[in-house]
Amino acid sequence: MEIPPFPKPGSLEEALALQKALAGKVVVAGSLEGVRRIAALDASHRRGKPLLAVAVLYDLERGPLFVGKGAVPEEELFPYVPGFLSFREAPAYLLALKALPEAPEALLVDGQGIAHPRGLGIASHLGVHLDLPSVGVAKSLLYGRPEGPLPQERGSAVRLLSPEDRPMGYVYRSRAEARPLYVSPGHRVGLEEALAFVRALPTRFRLPEPLRLAHLEAGRALKALD
DNA sequence: GCGACAG
DNA sequence: ATCTTGTCGC
């Protein structure tokens, strides 16, 4: 697939400017109905080792088809700063995607979409960079607050609101006993459509299966480095 | 000034 | 993300 070079900011100020510019290109509209092949992205890292990213090419009707991997040496990593995660992890994800035998129709990313201080979480950043529909599924909250209490039952969801009460996504209960997930549109998908998409994904445990596989594979691939 | 803070 | 043991429960 076509992958444009990813600019590495020389400073946080530069990253901020890039972020603001790209946020203006995010499209929060569209349906993922009919999408069949996606790429699920997750990464693993330990100090002293490279950041290891995994892209699982996943057919929604057949299951996992291929695992692409990408690694970036620790010395080359942008520092982790809340709100700037994409500048650290995106380069590794792009390498993992480049290793896939075919381009996915959409991306499922471990992290926020537009539920972000400047509307450009890693899912949105990757979506805009590659001009692909994308959805963010984060395991914890970065920005915003739930509109109300989240029911315990599996499948329940409440909107995630910005400080100005703008809906940015959903707090979603994928499993009855599990802590919620934070689902938000990345790019080229609407608010409700992003939730509908995640709800339709096969989910055996807390994380949707494609992301769980990416998570497991990233962990074992990193461990295999030594 | 204080608290919050994806991975 | 990772550092970390046992422990509760299906």
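Below, chain A is the first sequence line, B the second, and so on; all start at residue 1. Hydrogens, waters and symmetry mates are skipped; everything else that's a heavy atom, side chains included, is used.
The residues A/Glu61 and A/Arg36 are annotated as salt-bridged, a charged nitrogen and a carboxylate oxygen being separated by less than 4.0 angstrom. Of the charged side-chain nitrogens involved, at least one lies within less than 4.0 Å of a carboxylate oxygen, so that A/Arg188 and A/Asp131 count as a salt-bridged pair. Salt bridge status for A/Lys8 with A/Glu76: absent, with no side-chain N to carboxylate O gap under 4.0 Å.
Between the P atom of B/dC5 and the CG atom of A/Leu12 lies a distance of 19 Å, rounded to the nearest Å. In this structure, A/Asp110 places its CG atom 6 Å from P of B/dG7, rounding to the nearest Å. In this entry the distance linking CZ of A/Arg175 with C1' of C/dG9 reads 14 Å, nearest Å. Taking atom CZ on A/Arg47 and atom P on C/dC3, their separation rounds to 9 Å, with Å as the unit. Distance CZ (A/Arg204) to P (C/dC10): 20 Å, rounded to an integer number of Å. We find that CG of A/Leu120 is positioned 16 Å from P of B/dG7, with the value rounded to whole Å. As rounded to whole Å, 14 Å separates atom C1' of B/dG7 from atom CG of A/Leu52. Put simply, CG on A/Leu108 is 13 Å from P on B/dG7, counting in whole angstrom units.
Residue A/Arg46 has its side chain nearest to C/dC3 when only B/dA6, B/dG7, C/dC3 are considered. Side-chain proximity of A/Glu89 to the nucleotides B/dG7, B/dC5, C/dT2 is greatest for B/dG7. Nearest nucleotide to the side chain of A/Pro82, out of B/dC5, B/dG7, C/dT2: B/dC5. For A/Arg88, taking side-chain heavy atoms from C-beta onward, the closest of the listed nucleotides C/dA1, B/dG7, B/dA6 is B/dG7.
Contacts of A/Phe78 with the nucleic acid, taken as non-hydrogen atoms under 4.0 Å apart, are absent. Contact annotation for A/Gly83: base contact, defined as any heavy-atom pair under 4.0 Å involving a base atom.
Under 3.5 Å, the side chains of A/Glu74 and A/His45 contain a donor-acceptor pair of N or O atoms.
Within residues 138-151 of chain A, the residues approached by DNA chain B to less than 4.0 Å at the level of any non-hydrogen atom are A/Ala138, A/Lys139, A/Ser140, A/Leu141, A/Leu142, in residue-number order.
For A/Ser86 and B/dA6, the shortest distance from a side-chain N or O to OP1 or OP2 is not below 4.0 Å.
A distance cut-off of 5.5 Å between ring centres, combined with a plane angle under 30°, leaves A/Tyr80 outside any stacking arrangement with the base of C/dA1.
Taking the six-membered ring where the residue is Trp, the centroids of A/Phe6 and A/His125 are separated by under 6.0 Å.
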*Test salt bridge (Lys or Arg N to Asp or Glu O under 4.0 Å) applied to A/Glu209 and A/Arg204, step by step*: CA-CA 7 Å; A/Glu209 209 58 11; A/Arg204 306 203 292 184; 3.1 Å; yes
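Of the possible polar contacts, none joining the A/Ser124 side chain to the A/His187 backbone as a donor-acceptor pair under 3.5 Å is found.
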